[in-house]
Amino acid sequence: MQIDAWQMMTDKPKTDGESDVITKTKPKTQRPPMYKVLLLNDDYTPMEFVVHVLERFFGVSHSQAVEIMLTVHKKGVAVVGVFSYEIAETKVAQVMDFARRNQHPLQCTMEKED
Ligand code: TYC
């Protein structure tokens, strides 16, 4: 009978049926769910205001902001970013508060990513 690394590390002698085979099990790492932040179209919010919102709260360039704003204007809705629950919630609150303070009906919501 030979002394092996397992025995030396565990101080446990192998008994019948135990082998040196190590079965690797892949740990199932749980990623937190992500949330899409959506901007909705309306007929009253000025285009420049939406562009400003996108630059200010979503850190996109002016040309990206114009592009996203026009997508919302034409299609009715667009995803403006994907974040953790807490960050998405903060973005939505910031946009809604800023729109309300400026008396625009702009709507921003969040939705769990599939
Ligand atoms: N439809 C608006 C207009 O014509 C512009 C607009 C774009 C409003 C995007 C909201 O999320 C929005 N003034």
Side-chain angles (χ1 to χ4, degrees):
M1 164 121 158
Q2 60 168 30
I3 302 285
D4 65 13
W6 169 257
Q7 227 166 306
M8 292 189 333
M9 284 190 301
T10 60
D11 266 352
K12 181 175 175 287
K14 278 198 294 289
T15 53
D16 284 354
E18 277 185 297
S19 74
D20 295 327
V21 176
I22 294 166
T23 307
K24 280 191 183 161
T25 54
K26 193 173 179 185
K28 284 272 179 291
T29 51
Q30 292 278 50
R31 290 182 297 108
M34 299 293 275
Y35 290 79
K36 297 181 281 191
V37 171
L38 310 169
L39 204 58
L40 277 59
N41 189 36
D42 66 72
D43 293 338
Y44 306 103
T45 305
M47 290 184 171
E48 317 82 70
F49 183 81
V50 178
V51 169
H52 179 70
V53 161
L54 290 165
E55 291 174 326
R56 178 166 174 159
F57 298 113
F58 297 92
V60 298
S61 69
H62 186 75
S63 61
Q64 283 176 311
V66 170
E67 211 173 282
I68 297 165
M69 180 279 296
L70 287 174
T71 300
V72 180
H73 177 68
K74 289 180 209 159
K75 303 206 168 187
V77 62
V79 175
V80 298
V82 181
F83 308 97
S84 67
Y85 183 87
E86 233 186 0
I87 302 291
E89 206 184 29
T90 302
K91 301 280 180 197
V92 170
Q94 286 174 330
V95 173
M96 293 300 282
D97 182 59
F98 189 58
R100 193 185 46 78
R101 283 192 283 121
N102 287 277
Q103 304 185 354
H104 295 308
L106 182 64
Q107 294 293 306
C108 185
T109 58
M110 60 193 274
E111 188 178 281
K112 196 172 181 178
E113 205 185 41
D114 335 277

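Note that ligands are numbered from 1 as they come in the structure, with each ligand's atoms numbered from 1 the same way.
- Contact atoms of ligand 1 toward L106: 10 (C), 11 (O), 12 (C) (distance under 4.0 Å to a heavy atom of the residue).
- In this structure, CD in Q64 is found 13.0 Å from CZ in F58, a value given to the nearest 0.5 Å.
- Nearest non-hydrogen protein atom to atom 7 (C) of ligand 1 is N41 OD1, 3.6 Å.
- Annotation: Y44 places no N or O atom under 3.5 Å from an N or O atom of ligand 1; distance criterion only.
- Atom 9 (C) of ligand 1 has as its closest protein heavy atom V72 CG1, 3.6 Å.
- Going from atom CZ of F49 over to atom NE2 of H104 covers 5.0 Å, rounded to the nearest 0.5 Å.
- Of all protein heavy atoms, the one closest to atom 5 (C) of ligand 1 is T45 O, 3.4 Å.
- The aromatic rings of F98 and F57 sit perpendicular, their planes meeting at an angle over 60°, well past the 30° parallel limit.
- When each of V77, T45, T109, L106 is tested with L39 by the rule side-chain contact (heavy atoms from CB on, under 4.5 Å), just one qualifies, namely L106.
- Scanning all protein heavy atoms for the shortest distance to atom 4 (O) of ligand 1 gives H73 CE1, 3.1 Å.
- Closest protein heavy atom to atom 2 (C) of ligand 1: D42 O, 3.2 Å.
- A donor-acceptor contact shorter than 3.5 Å links the side chain of D42 to the backbone of Y44.
- On a distance-only criterion, L40 and ligand 1 share at least one N/O pair closer than 3.5 Å.
- For a threshold of 3.5 Å applied to N or O pairs, the pair formed by D43 and ligand 1 contains no separation below that value.
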Item to check | Step-by-step side-chain contact (heavy atoms from CB on, under 4.5 Å) determination, M96 to Q107 | outcome: CA-CA 7 Å; M96 293 300 282; Q107 294 293 306; 3.4 Å; yes

